[in-house]
Every structure is written in structure tokens, then in C-alpha cells.
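Remarks on the structure that follows.
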Amino acid sequence: MALFITSLNSGSNGNCYYIGNDKDAVLIDAGISCRETEKRMQRLKLPMSALKAIFVSHEHNDHITGIPRISKKYNLPVYITQDTMHSLAIPVEKHLINSFKAHQSISIGELTITAFPKSHDAVDPHSFIVAGSGVTVGIFTDIGFSCQHITHHFSKCHAVFLEANYCDDMLRNGNYPYHLKNRISGDKGHLSNTQALELFLQHKGKYLSHLILSHLSKNNNSPDLVSRIFNEKAGSTKIIVASRYHETPVFCIEKDSPDNGSAQTAVASVLQLELF
Ligand SMILES: [Zn+2]
Ligand SMILES: [Zn+2]
């Protein structure tokens, strides 16, 4: 058994990460439109009927814009902390709202989702780990620095969506106003390539088969640069750079053996058998 994961979009224009087994799946954030989510899942042969819940990391627009429509259309429970809910500028159907607390484990079918607090300039931001089939996947974006929670959980993951938001030099030399540069690089902003690489090198566990670099800045980073600096040090971990324009392939995360390249076929056939 395995978990199947993909980034449907990643960046300041929208974040939406899919994690599921052969029956059930959750979205971590829904920051692209319902229509785009449907289109991208269809291209990946992931049926919408697999979706069972949406978990919300924080209230910034790039993580929530798709929630009202997609949750209503597919009757999906929205797991969100009370403080984040109160700060949302979008409507969510009352009967779909479910609250969660840090360190509480929530079961969705055979998936277990656990949230923990992160450092970011939002009212009550959380990161998540999703566990199932003996596999643990981390979703760690929008983090000012690698706190103890992050390093602890990172070391236990088989796959991680990890923020690599900006290159220090590009941010420093770029034309963003001074206060914005400080916000991005501050402890409640975003993780730089250097910080992400340091976390990877110091805390990767021996089971880490996939590292999906996420939430890259359009102006202060470059996918080629991120790919190069991580691949130089990747070892046996497969490096993927998530795009702000399209979905990644579906990756099959297995307990012991790394992705064999046929994940898309595997997940498609399993889900078609069970759900179509
Ligand atoms: Zn964001
Ligand atoms: Zn944010």
C-alpha cells in the first residue's frame, strides 16, 4: 500500500496539495478555483469522489480562494481552527465547518492528519502531516523559520512538500520595497532556499524518498536554481520543483521502496477500479 500525492498548484498565486490512498484523499489548502482543481485532478486521473476533506493551513488568499465553491459542490468538510475561521473573508457553509487544534489527530478514512503550529504572519497558522499505509507526508509551506516542530516532523517523513520561497541574493538585490523584503525574510515570513536546504540536509530521515520544493517566489527565485542546488545534495531523495502554473505528476510514496515511475498508472488503475 502507498500514498499518492501531487501539488495541484504551488506559489503565491495559489496552493493546493493532494494526499490520498487508494480510497480517500484530502486537500491541504484549496487556493485555486474549483474549476482548475477539477481540471487538474481530471488530467491526473484522480476522481473528485476520492476527496473527503479540506484542511486549511491559514487565512491568506493563496490558500483559501477555492474553498467556498469546492466544499459546497462536493459537500466536503472544511477543517480549520476557530481563530482562522473568524479571520476568513470568504463564506463557508456552516454545516461543513469542523475545527481542529494543534497536535490533535483527525481520521479521514484510513488517513490520519495532524496539525502543528508554524511561524508565519497569519492569525493561527499550522503545518500538517498526513499519515497512512505506513507512510508519512509533510506539508510545510509558509514558514518563517524551521522551528522545533518542523525539524521533529521532517525527520519522520517519507515525502515532504517543503517551501523554498526565495533566493537570498535575488531578494536582497531585487526591487521589492524594504519593508516587504523584511517581511518575507523575517521569522514570520517565508523559508529561503538556504534555510530549506539546511533543514533537508540536517533533518532528513532515511526514509525520505521525495522532496517537493514548493511555494517558490515568482520574482525572487528560479525553479532551475532550486532544482540545481537541491539535486547537488539530494542523495537518494528524488527532488521535484512544484510549479505555480500547473500540477506535478502523481507520486507514489511507499513505505520502503522509492517511486518507480509508474505511480500515475498505478493510482489511476486503482482508483478507477474502486471509484469510477
Ligand atoms: Zn502562501
Ligand atoms: Zn501565507
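Worth knowing before you read on, the calculation uses all heavy atoms, side chains too, and leaves out hydrogens, waters and symmetry mates. Just so you know, these numbers come straight off a predicted model, no measurement behind them. Atoms within each ligand, like the ligands themselves, are counted from 1 in listed order.
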Original post:
Can you list the protein N, O or S atoms less than 2.8 Å from the Zn ion (ligand 1)?
Top reply: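 The answer, once waters are left aside, is Asp62 OD2, His63 NE2, Asp142 OD2, His215 NE2.
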
Donor-acceptor contacts under 3.5 Å from residues 147-156 side chains, at least two apart:
unit_1 : atom_1 : unit_2 : atom_2 : d
Thr151 : OG1    : Gln148 : O      : 3.0
Ser155 : OG     : His152 : O      : 2.8

Original post:
Are any side-chain N or O atoms of Ser217 and backbone N or O atoms of Tyr166, one a donor and one an acceptor, separated by less than 3.5 Å?
Top reply: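 Pair absent, no side-chain N/O of Ser217 close to backbone of Tyr166.
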
Subject >> Qualifying salt bridge (charged side-chain N to carboxylate O under 4.0 Å, His left out) pairs with a residue from residues 172-181, counting only residues at least two apart or across chains >> reply: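 The answer is Asp169-Arg172.
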
Original post:
In Å, rounded to the nearest 0.5 Å, how long is the span from CD1 of Ile143 to CG of Asp187?
Top reply: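 The CG atom of Asp187 is 11.5 Å from CD1 of Ile143, to the nearest 0.5 Å.
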
Subject >> Qualifying residue for ring pair (Phe, Tyr, Trp, His ring centres under 6.0 Å) with Phe128, from Phe100, Phe161, Phe140 >> reply: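 For Phe128, the ring pair (Phe, Tyr, Trp, His ring centres under 6.0 Å) test succeeds with only one of Phe100, Phe161, Phe140, which is Phe100.
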
Original post:
Can you name the residues that form a ring-ring contact (aromatic ring centres under 6.0 Å, His included) with His215, not counting sequence neighbours?
Top reply: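 Once residues adjacent in sequence are excluded, the partners of His215 under the ring-ring contact (aromatic ring centres under 6.0 Å, His included) criterion are His63, His190.
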
